[in-house]
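Notes follow the structure.
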Amino acid sequence: MNSGITFDPAAIRELAKILRETDLTEIELVEKDSRIRVARQITAAAITHVATAAPMAMPAPAPAMAAPPISAEFDAKHPGAVTSPMVGVAYLSPEPGAAPFVQVGTQVAAGQTLLLIEAMKTFNQIKAPKSGTVTRILIEPGTPVEYGEPLMLVE
Amino acid sequence: MNSGITFDPAAIRELAKILRETDLTEIELVEKDSRIRVARQITAAAITHVATAAPMAMPAPAPAMAAPPISAEFDAKHPGAVTSPMVGVAYLSPEPGAAPFVQVGTQVAAGQTLLLIEAMKTFNQIKAPKSGTVTRILIEPGTPVEYGEPLMLVE
Amino acid sequence: MPTRPFQKVLIANRGEIALRIHRACQEMGIRTVAVHSTADASAMHVRLADESVCIGPPAARDSYLNMAALLSAAAITGAEAIHPGYGFLSENANFAEMVEAHGLAFIGPKPEHIRMMGDKISAKDAMRKLGVPLVPGSLGALETLEEAKSVAAEIKYPIIIKAAAGGGGRGMKVAHSEEELEEAWRVARTEARTAFGNDEVYLEKYLDRPRHIELQVLADTHGNVVHFGERDCSLQRRHQKLVEEAGSPALSAAERDELGANVTRGLRELGYRNAGTLEFLWQDGQFAFIEMNTRLQVEHPVTEMVCGVDLVREQLRVAAGEELGYTQSEITFSGHAIECRITAEDPESFAPSPGKVNTYHAPGGLGVRVDSALYSGYSVPPHYDSLVAKLVVHGATRAQAIARMRRCLAEMVVDGIKTTIPLHIRIMNDPQFQAGDYTIHWLERFVARQG
Amino acid sequence: MPTRPFQKVLIANRGEIALRIHRACQEMGIRTVAVHSTADASAMHVRLADESVCIGPPAARDSYLNMAALLSAAAITGAEAIHPGYGFLSENANFAEMVEAHGLAFIGPKPEHIRMMGDKISAKDAMRKLGVPLVPGSLGALETLEEAKSVAAEIKYPIIIKAAAGGGGRGMKVAHSEEELEEAWRVARTEARTAFGNDEVYLEKYLDRPRHIELQVLADTHGNVVHFGERDCSLQRRHQKLVEEAGSPALSAAERDELGANVTRGLRELGYRNAGTLEFLWQDGQFAFIEMNTRLQVEHPVTEMVCGVDLVREQLRVAAGEELGYTQSEITFSGHAIECRITAEDPESFAPSPGKVNTYHAPGGLGVRVDSALYSGYSVPPHYDSLVAKLVVHGATRAQAIARMRRCLAEMVVDGIKTTIPLHIRIMNDPQFQAGDYTIHWLERFVARQG
């Protein structure tokens, strides 16, 4: 498989079935280096429609900044998410052309610098909140980030 | 399994059941390298509230005419209800001082006159839609009635 | 005719106009009686009125058109006057007569004027006598080509020659210049002779790209008549107005003033009473009377926005015998107003879309007015007109009014049913509309182009 | 200073004023950047803006008051100008300086004028020099009783004698006539000597029943200054305005014009820029300057309603370097406007009532404006000001405006949280309010009486 990830379709189907049967909206399983997460949005019942109609009927929130950040799909509440403590522009390396602070797969210690955010001409070091492995980098170097935006996953 | 994750469907179903029973929205179990997380969006409670909020929050309908009819408590959909086919003033006897057409307890045949409604200087005979006993008279003589208002119960 | 304000008024209508009338009454301290069919028991005006009477089943002929029920409802509630709104019985002279015969005030014109204007021929005759402009042309049949040339030169080309006995397009020929006149004259006469056995023809100004421009008038019972300027209602689809403006992007103040002086003089002579609207076709600076509506119109808010007048309040005052209290010179026009009629229809197919409105959110802010009986949770019944909201904006200039309308249409939410909001957005974004460059044919083509 | 319109403006505020600014921008074709705390992610202005940036957690000091975050947000979105609204950083001279230091336009006055007016003493000094009226009285200490009599006769009774070294009410004595003056003079001096060891006293006009009247001004960067008349904001509770009117029921047009001429002359001399409001106490025909607000005010809509101006549009134009394009003589006043501030508070205890609004329904119709960021399903966050809606009406007369406000308050629905709508209904129904007979003390007593 192209990404090197193998998975068991039957297991996922079984989880989906459980999801349907149980009214759950999310199941996440983690074991060693593996993780499976299945989720479902409830849309079936007519009542739900009314219940959610009010907020849904209003205009959708404005796009966050000019280009929607690629991390939009990731929830800032992800347990491994490192979120931005400020508005600014994110950089992955200490200076242009230099090697990045971390890459996917890098083992980091708590307090280790992960990236910089420039705000008001100041470069602020964003540090790992805990030890772990960088499993995903959610921003492109040089792009703007807003407060609370997920930057990396450290798990 | 090729993803290296094994799971116990029964355990997940049990967690789902606990979730429902306890009103929790999320349960996460971690044991050594394993983690199970189940979540459910609560929509039920909000549904009822929002669904009925809109109509209830609006001003109540204006009182029907100057004095609310005493029949307000009775539903026009009562199976024995004789409802007014017009707007006008109801009279229970053919002329002032005369005996009423019917009283509570009167046995009536289908088509028998129950009362008069005056509209546009014309006295309209309101007839029993079916045979039965007058079980309740819902209007006072000389009072206005609106279209569809229950006048008597014939059961 | 009473000389004191009304104490209680019955509103013989439904929907947004019933709410409009209720609001005006309430602001004047007048109690309101809402009448409604069983389908409208939870309507906004029923909820807000001081009293309500259910007058019949959903079908309008048994409820809102049921004269006996309306008069009975007025009798049992002690209402002194009836406001008919628009549509339904508003232009029914018999109803107006019955209302007055029952000792109630009809908030509208005298029955004879409703009757006169209800017949298009008698209306045109009356207007001709009063000196109101009709389509210019020869008054009768033309004897000679020379006579035709002379009339055409006077009213200016293009002209149309029509068979006096004609109909269905036969015997009708257009000439755009004197060069074309002779041929048109001959062909029209030949066709007329062939088709009707009568070659008499007459000649009229040909309006190939007219605008629909109407004039709002108001008269009290003391001989005072004023006008509140024009509305441009050219944006129509199947004779239904969709967008209205005050003033017209095409008309000059001088043209408006001249027409207004002409019309108010005529109506004073006629002894007209209460509000009314004269509808004209307008092209190349010329007005041609089409008909007169002897009632409040759907689009009256645009006039209110530019003149700062409350027309329903004025109707109620005039009907109670009050004098206007102002003259034409005190009526001024400020800025520009646009109304979008939002209907419960598919914005492309125009299929009706009644049903439950889950969420209703009206736009707000400066220069915005919404006349709507919608609320969150209300069900639009399938039995009546599809108009659910009138979104009206005012701006210092027409461009500012359009910009404001665009932002309001983007803010407005009517969720659960389809509405024409998307169509209005497309209209407001159209360069031709923005340039004010449209005729009564424009919208049909615009809709076809989009579809 | 740019001389072309802005392309993109950052709105450094939240709630109804953020929406107000967004609307003005959108109608001018200016793109908007909404900034918001995490508590406001689903706010109306965030939903409607062209772009949005989350600038911090709920606490205002870390979000709406976070200058670095605001400037970073402007930088990463390419905004050219920042509108601060009211409250938050709107009167922070340092912020205005930082904005300009970053090459952006600050939509407001020059930093030095914000600073000058932010200090009450320097503001009063400036106004005295510019000839704007302050509380009349002796400029310094009085030497003799004769001198006191002479000043008192000039400024008219009642007067108050105050200890020059005073404070806390000691050494302050009121005299309502010359007969009372001598005793007041002696007692005040004795008290002053006892309390402060210094018997120097001065004398001021005593305002026992003042109204709060303020004047809206606007200045461009080309030396043009105009005023848009007064607002009467006397209805206050704990220095929070609840109801505002334009114009004041107490002020004559001549008084307004005289004050306006005086103030605009002064501000022209000062080189003031953009919008501002001078607040005065007013009693017996005399104005006494209190302070100047160097920003847009909450109650600006009542001015817009009577003057037909869009003040936020004007702020944006002026900040972009445009000329006003009109003079004082072109500013006219039409009818009367009233604003009710509707807050998420218990109408009797004034306890805050944030939370979910199940149904929001704004009143509509003629002469009604609602500025609110509420919508059905929105949750009012507990972190900020409790203002949730400004209900503004316009009428031909004050009585008509009050009648309109009453019917609007009855139509409005904010279900799920408590609001001050019931209090506003009581105020509108009060005969003293209806007579315009109130001072800055009236509302406190009214609330106490009701409770």
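Here is how names work: the chains are called A, B, and so on, in the same order as the sequence lines, proteins then strands, and each is numbered from 1.
Here D:S72 contributes atom OG and A:E118 contributes atom CD; the two are 8.0 Å apart, rounded to the nearest 0.5 Å. Annotation: the span from A:Y147 atom OH to D:N66 atom CG amounts to 10.0 Å, rounded to 0.5 Å. Here SG of D:C54 is found 13.0 Å from CE of A:M86. Values are rounded to the nearest 0.5 Å.
Residue D:K418 qualifies as open at atom NZ: its count of foreign heavy atoms under 6.0 Å is 12 or below.
Most heavy-atom pairs under 4.5 Å with chain A: of the set D:S63, D:A68, D:A69, this distinction falls to D:A68. If you tally non-hydrogen atom pairs under 4.5 Å between each of D:A34, D:S37, D:P57, D:A73 and chain A, the highest count goes to D:P57.
Residue A:M120 touches chain D through both its backbone and its side chain, counting heavy-atom pairs closer than 4.5 Å. For a residue to count as touching a neighbouring chain, one of its non-hydrogen atoms must lie under 4.5 Å from one of that chain's; by this rule D:H45 does not touch chain A.
In this structure, D:I76 and A:V89 approach most closely via the heavy-atom pair CG2-CG2, 3.6 Å.
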